Amino acid sequence: MEKAFWLFKKDIASELRTRYAINAQVMFIVVTISVILFSIGNEKITNYLAGGLFWVVVFFTAMSGLSRAFVSEEERGTSFTLQLIASPSTVLGGKLLFNLILVFSMNLIIAFLYSALFETFVIKNLPLFITAFILGNTGTGIAATLIAAIIAKANTKGTLYPVLSFPILLPLFLTLVEVTKQSMDGSTFSDVSPELAVLVCYIGIMSVAGFMLFDFIWKD
Amino acid sequence: MINYTLKIENLSKWFGNKIIFYKVSGEWNKPGIYGVAGPNGSGKSTLVKIVAGLNSQSAGKLEHIVDNSPVEPELWHNLTGFASPYIVLYDEFSALENIEFIFKIRGVKANYELANELLSHFSLYHRRKDPVKAYSSGMKQRLKIIAAVMHSPPLIILDEPTANLDNEGKDRVYEVVEKLSNDTIIFLATNEKHEIQMCEKTINILEHKRD
Ligand SMILES: Nc1ncnc2c1ncn2[C@@H]1O[C@H](COP(=O)(O)OP(=O)(O)OP(=O)(O)O)[C@@H](O)[C@H]1O
Ligand SMILES: [Mg+2]
């Protein structure tokens, strides 16, 4: 576990020097939120729409940066080095940690901007939304890490990532949009327990699949 | 010293229907320098990559054995050191940072004394804090050799270890190889005749071809 943590530290140090993922993601957040703001102008959008758009921004922000963890190693040719110094589980652990931190920080920025800029982004049951937010970020981080590991080996990296991610992340995001609506209506935890169960299962399945598949994905 | 043995049995590799090598076997548990020879494109790199676990074989058995029991493939990486021109280190970091991260990610006891000694030996000590992207290709090759041996693994694989090196650099590599060969199994995959002459036993890939 400590080894994975050091791999994570290596990636953070590298990220702070190259700003490869952070720059792309922050730019993406600024651009999409501005475009949304310009296009709605003075009109009031419904709170459901604001909630849906929130997850749209989250999805594409994730797509613009989370593949970095593996693609950058593959592109620079350092993945052999990584295979020579770490076991597959260390690699998966370190990259997952890096992506989770990235997802949480970017999505906090998005949430902050949203609540500041969109009047109709009002959540009645805040603890419920926060729960969905945390589960959603975790699910996105795990799924995106796995997909990144798969596409890093393909040679059409750029376009393949969103294409492959969409079907895999769709059940997650549909559920998140639903829970967000409910939290705007002030529903209680027990009202949305099926949806929350879906989110938890999603995370469970992705984690198990990840640790089972990763050995095969990682080695040629 | 750990009791280490490398054992391969009928190891074969093909890409599609092209056989690269066929039924290579052998067992190594005595320290020394062992060669892998063959012309360009014959499969030297392919063979040593498989031994290091970077690639998988098409058929045959490969075991890294410690104290008479085979080690799980997930743990092979700390039993081996591997250097070659196609390995790339993290060039946004300095030599020292690369060395530290490699020790820590391996999770082995960090032997900075040995690392510093090797940096001096390869005339990189005064450049140890410079980012690797500012290194020449020969300097990078020197650092890769350091990174491959500094955790003192029982098996060290050097694929064209003297590529890009000047005469002084080559001599430095031979010195390290000679010294380590007292307690380490060293594989040398190379095209250089005199490097093959340093080896006590050599696998010639051409003897393992089949149509
Ligand atoms: N991924 C691959 N797919 C198909 N063929 C491959 C692949 N990798 C290597 N080969 C083929 O395997 C053969 C052996 O390659 P290898 O790199 O092992 O040769 P080598 O003996 O190390 O040569 P050199 O002396 O030039 O380093 C070559 O013919 C090469 O074209
Ligand atoms: Mg080669």
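Quick caveat: nothing in here was measured; it's all calculated off a predicted structure. Letters A, B, ... mirror the listed sequences (proteins, then strands); counts begin at 1. Below, all heavy atoms of this structure are taken into account, side chains as well, without hydrogens, waters or symmetry copies.
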Heavy-atom neighbours of B/Y86 OH exceed 12 at 6.0 Å: yes

B/L89 portion near chain A, given a 4.5 angstrom heavy-atom threshold: both

Within 6.0 angstrom of A/F60 CZ, more than 12 heavy atoms from elsewhere: no

Top contributor to chain A interface from B/D91, B/I87, B/L75 [non-hydrogen pairs under 4.5 Å]: B/I87

Steps toward side-chain contact (heavy atoms from CB on, under 4.5 Å) verdict (A/L84, B/L54): CA-CA 7 Å; A/L84 287 170; B/L54 291 176; 3.9 Å; yes

Stepwise side-chain contact (heavy atoms from CB on, under 4.5 Å) test for B/R106 and A/I85: CA-CA 5 Å; B/R106 280 188 183 280; A/I85 65 174; 3.7 Å; yes

Step-by-step side-chain contact (heavy atoms from CB on, under 4.5 Å) determination, B/Y90 to A/E73: CA-CA 9 Å; B/Y90 295 100; A/E73 303 266 4; 2.7 Å; yes

Residue pair A/P88 / B/E74, side-chain heavy-atom distance below 4.5 Å: yes

A/A13, part contacting chain B, at a heavy-atom distance under 4.5 Å: both

A/S14-B/E92 side chain donor-acceptor pair, cut-off 3.5 Å: yes

Derivation of the side-chain contact (heavy atoms from CB on, under 4.5 Å) call for B/V88 and A/F80: CA-CA 8 Å; B/V88 182; A/F80 270 156; over 6 Å; no

Top contributor to chain A contacts, counting heavy-atom pairs under 4.5 Å, from B/H151, B/E100, B/K104: B/K104

Atom group of B/K144 that falls short of 4.5 Å from chain A, counting heavy atoms: neither

Electrostatic pair A/R17-B/E97, nearest N-O below 4.0 angstrom: yes

Value rounded to 0.5 Å, distance of CD1 in B/I102 from NZ in A/K10: 10.0 Å

